[in-house]
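Here the structure comes first, spelled out in structure tokens, and everything after it is commentary.
In the text below, chain A, chain B and the rest are named by the order of the sequence lines, each starting its count at 1. Note that the structure is predicted; figures quoted are calculated from it, not measured.
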Number of protein chains: 2
Amino acid sequence: MARRRTIGVLSRETGVKVTTIRYYETIGLIDDPGRTESGQRVYGTDAVDRLGFIRHARDLGFSMEAIQELIALQTKPGSACTAVDAIARRQLAAVRERLNRLEALEAELKRMLTTCEGGTVGTCTVMESLTDHRHCTQPHGTDRSASVIPNRENG
Amino acid sequence: MARRRTIGVLSRETGVKVTTIRYYETIGLIDDPGRTESGQRVYGTDAVDRLGFIRHARDLGFSMEAIQELIALQTKPGSACTAVDAIARRQLAAVRERLNRLEALEAELKRMLTTCEGGTVGTCTVMESLTDHRHCTQPHGTDRSASVIPNRENG
DNA sequence: CCTTGCTTCTACAGCGGCTGTAGGGGTTAG
DNA sequence: CTAACCCCTACAGCCGCTGTAGAAGCAAGG
């Protein structure tokens, strides 16, 4: 008698938090599985696979929207591969763009730090670099898309 | 008679949106400037400088928290440069970590795409790579910090 | 002076992708 | 039986903004 795969068991199995699994259900990424009489969710192996898929795609930086598309494609395996390919290519392009930006940032941060010789904030070249925005790596304007800012620095 | 530097003027001058300027005020990144009798904000050149500083730091990926710290340091120019240095070093380290991750992602996405020879989703290697999470670039676990996900894909 | 059309004001809801909390009930090991 | 844990729903909060609504201010033209 294997124990029922409740949401907690599934969570441990996949490394996806309980609350996150429920969240995925509310946004339609995974189906409402069967329930016990008392209303507890009971999952099958398909849920494990699906969560693994989602997790991996998230690790690769795919947006939830893209993952939705991929799952939709997955469920009709006869359709052409080109759609999947397109999504992956889009993602690769996005990754490359972010790579370029990050490389530029790294260079500027490095430059800032190497010229600093210690002293007070008043004479700090790091501070100067930040204040003097004429060194900006980007043209000024309202376009701040694709900025590289961290998120989810949680544990 | 130069026109008063209202929030809209400041916005055009700095490329920071009106709403964003007000937001920065609410979170304490910039001070409430003087107001006209009717309650409109009127800014001085200091606000232009401050916003330029914030913008540049944001472009470099500094978090709002870090920027808060930097501004606090900026306002007491006699303090030691080491604090500024530390913040910048932290940021550089974060950027490098994200660079590493992104490079790994790029490699995996490239690999996925090059092995795909077209056909149907059922035989798609891209899909396979995503499904077979044993290729995962990261050990499974609950730690999903520093994941590289885009945000603010706005215009 | 009045209108037109822009700007500014406040206050609050929404984005993505979750996480955390409150307040309850279910289940299981000792 | 009880303690410890699990699960349920529903909703608020996180960041860094953006967008909306509805009201009031302001500059220029007639």
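For B:Glu25, the side chain to side chain donor-acceptor pair (under 3.5 Å) criterion is met by B:Arg41, not counting sequence neighbours. Applying the side chain to side chain donor-acceptor pair (under 3.5 Å) criterion to A:Thr45, with sequence neighbours excluded, gives no partner residue. Take A:Arg50 and apply the salt bridge (Lys or Arg N to Asp or Glu O under 4.0 Å) test, not counting sequence neighbours, and it matches no residue. Applying the salt bridge (Lys or Arg N to Asp or Glu O under 4.0 Å) test to A:Glu69 and every residue at least two apart in sequence or in another chain returns A:Arg90. In this view, A:Thr19 satisfies the side chain to side chain donor-acceptor pair (under 3.5 Å) rule with no residue, not counting sequence neighbours. For the salt bridge (Lys or Arg N to Asp or Glu O under 4.0 Å) test, no residue two or more places apart in sequence or in another chain qualifies with A:Arg12. Checked against side chain to side chain donor-acceptor pair (under 3.5 Å), A:Arg22 has no partners two or more places apart in sequence or in another chain.
Rounded to a whole Å, the CD atom of B:Glu65 is 11 Å from the C1' atom of D:dC15. Here D:dG16 presents its C1' atom at 13 Å from CD1 of B:Ile54, a figure rounded to the nearest Å. In this structure, the CZ atom of A:Arg55 is 15 Å from the C1' atom of C:dG17, given to the nearest Å. When rounded to the nearest whole Å, the span between OH of A:Tyr23 and C1' of D:dC11 equals 15 Å. Rounded to whole Å, atom C1' of D:dC8 lies 12 Å from atom CD of A:Glu25. Across the protein-nucleic acid pair, A:Phe62 atom CZ and C:dG17 atom P stand 13 Å apart, rounded to whole Å. Note: CD1 (A:Ile21) to C1' (C:dT19) measures 14 Å, nearest angstrom. The separation between A:Arg4 atom CZ and D:dC7 atom P is 10 Å, rounded to whole Å.
Distances shorter than 4.0 Å separate none of the side-chain N or O atoms of A:Ser63 from OP1 or OP2 on C:dG17. For C:dT8, the OP1/OP2 oxygens have a side-chain nitrogen or oxygen of B:Thr6 closer than 4.0 Å.
Within residues 30-45 of chain B, the residues having any heavy atom under 4.0 Å from DNA chain C are, by residue number, B:Arg35, B:Gly39, B:Gln40, B:Arg41.
The backbone N or O of B:Val16 sits less than 3.5 Å from a side-chain atom of B:Ser11, completing a donor-acceptor pair. A donor-acceptor pair under 3.5 Å is formed between the side chain of B:His56 and the backbone N or O of A:Ser129.
Closest to the side chain of B:Tyr24, from the set C:dC18, C:dT8, D:dC17, is D:dC17. Nearest to the side-chain atoms of B:Ile7 among the listed nucleotides C:dC9, D:dC7, D:dC17 stands C:dC9. Listed nucleotides: C:dT8, D:dC6, C:dT28. Nearest to the side chain of A:Arg12: D:dC6.
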- Nucleic acid footprint by protein, nucleotides 19-24 of chain D - heavy-atom cut-off 4.0 Å, B for base, S for sugar-phosphate alone: ------
